[in-house]
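Below is one structure; the comments refer to it alone.
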Amino acid sequence: EIRRFNQIIKTNMERACENESPDDLDAATVELVRAHRASGLISLQLDALDLLANPAAAMTFLPQRRVLYRVVDKVCRIYRVLAENKHVKLRLTGSSTSEARLDERTIHIIPSVFIDNAIKYSSEHESIEVHVKDDIRSEGSFIEVSVLSNGPASTEEEAARLFSVRGRGEAAKRVAQGSGIGLTLAKIVADQHHGRISANQKRTTSERAEWTFSFRLPRI
């Protein structure tokens, strides 16, 4: 029922944006664009809840040839409404036209979790950079998505269990509320796509660090 009601909202907001700006929905009235993106946020969260309720669904891989950059670009556009609310700058850099085998039901969960966490733990007026690139190595050819931001620092023990259920660090718990399951879902989707997910931090103060969350998967 929530999905059905949200789809009604999303469809009407999309039509309203198209009526004002047929060639670029993002150029419509700010309030309409924000409402349209907000409905998109609800859809992303519902998809994450579906996977949480039934993680085994990710074991059924339904691959389609898709450009990963387009998935990331769509997620960035949706999450800008949250970034704007917190006065955080969210920008997408890099480029890639490479295709990968993606399951459209789940792949967007990875950039969604990365960006959602980056916004949640950033301070006002900080920047978040989402970077997409082709990564050609001796062991193969990949596409890599990285999200760079600032957030609470973790101890070595906490960092080692970031992708485990309820793996949030103590500093993160003090900064913002959270379920501690987002990165676990991202790891499930990364494994589903035969990709690699990772997190690295560089401390800037005793409490804060520069974080890089990355996802790499084989490209076609």
key: From I110, N117, I188, residue fulfilling side chain to side chain contact (heavy atoms under 4.5 Å, CB included) relative to L183   = N117
ask   = Among the clusters formed by ILVMFWY side chains lying less than 4.5 Å apart, do I115 and I181 turn up in the same one?
value = yes
Residues that E210 engages under salt bridge (Lys or Arg N to Asp or Glu O under 4.0 Å), provided they are two or more places apart = none
key: Nearest heavy-atom neighbours spanning V88 and S123   = CG2-O, 3.7 Å
query = Can you name the residues that form a side chain to side chain donor-acceptor pair (under 3.5 Å) with S96, not counting sequence neighbours?
reply = D134
key: Electrostatic pair R15-E18, nearest N-O below 4.0 angstrom   = no
request  = Kindly indicate whether the side chain of L217, heavy atoms from C-beta on, has any atom under 4.5 Å from the side chain of L102.
outcome  = yes
query = Near I2 CD1, under 6.0 Å, is it more than 12 heavy atoms from other residues, nucleotides or ligands?
reply = no
inquiry  = Among residues at least two apart in sequence or on other chains, which ones pass salt bridge (Lys or Arg N to Asp or Glu O under 4.0 Å) with E207?
reply    = R174
ask   = Considering only heavy atoms from C-beta outward, does the side chain of V130 approach that of P111 to under 4.5 Å?
value = no
Donor-acceptor pairs under 3.5 angstrom involving side-chain atoms of residues 55-70: please list them, not counting sequence neighbours.
residue	atom	partner	partner atom	Å
R65	NE	E99	OE1	3.0
R65	NH2	E99	OE1	2.9
R66	NE	E104	OE2	2.6

ask   = With sequence neighbours excluded, what pairs up with K10 under the salt bridge (Lys or Arg N to Asp or Glu O under 4.0 Å) test?
value = none
ask   = With sequence neighbours excluded, what pairs up with N12 under the side chain to side chain donor-acceptor pair (under 3.5 Å) test?
value = none
message = Name the residue from L185, V189, D191 that meets the side chain to side chain contact (heavy atoms under 4.5 Å, CB included) definition with K187.
response = D191
request  = Can you run down the ring-ring contact (aromatic ring centres under 6.0 Å, His included) pairs that involve residues 22-48, sequence neighbours left out, and say none if there aren't any?
outcome  = none
note = Value for CG (L32) from CD (E14), rounded to nearest 0.5 Å, stands at 12.0 Å
query = What pairs with S43 under side chain to side chain donor-acceptor pair (under 3.5 Å), at least two apart in sequence or on another chain?
reply = N6
remark   = Sequence neighbours excluded, the answer for salt bridge (Lys or Arg N to Asp or Glu O under 4.0 Å) partners of R3 is D47, D50
request  = If the plane angle is over 60° it's perpendicular, under 30° parallel, otherwise tilted; pick one for F213 and F114.
outcome  = tilted
task = Take I107 and Q192 through the side-chain contact (heavy atoms from CB on, under 4.5 Å) test and state the conclusion after the steps.
result = CA-CA 9 Å; I107 186 60; Q192 176 197 24; over 6 Å; no
query = Which atom names give the shortest non-hydrogen contact between S21 and A27, and what distance separates them?
reply = OG-CB, 3.5 Å
request  = Count the heavy atoms of every other residue, nucleotide or ligand shown that sit under 6.0 Å from CZ of R105, and state whether that count exceeds 12.
outcome  = yes
key: Side-chain donor/acceptor of E20 to backbone N/O of T29, under 3.5 Å   = yes
ask   = Which atom pair, heavy atoms only, marks the closest approach of A118 to S149?
value = CB-OG, 3.5 Å
message = Just to verify, what does F215 make a ring-ring contact (aromatic ring centres under 6.0 Å, His included) with, not counting sequence neighbours?
response = none
query = Excluding sequence neighbours, so at least two apart, what forms side chain to side chain donor-acceptor pair (under 3.5 Å) with R34?
reply = E84, N85
query = Which pairs with one or both residues in residues 72-83 pass side-chain hydrogen bond (donor to acceptor under 3.5 Å, both in side chains), sequence neighbours excluded?
reply = D26-R77, Q45-Y79, D73-R77
query = If you take all heavy atoms of A35 and M13, which pair is closest and at what distance?
reply = CB-SD, 3.5 Å
inquiry  = Just to verify, which of D135, V132, I220, V72 counts as forming a side chain to side chain contact (heavy atoms under 4.5 Å, CB included) with I143?
reply    = V132
message = How about CD on E124, more than 12 heavy atoms from neighbouring residues, nucleotides or ligands closer than 6.0 Å, or not?
response = yes
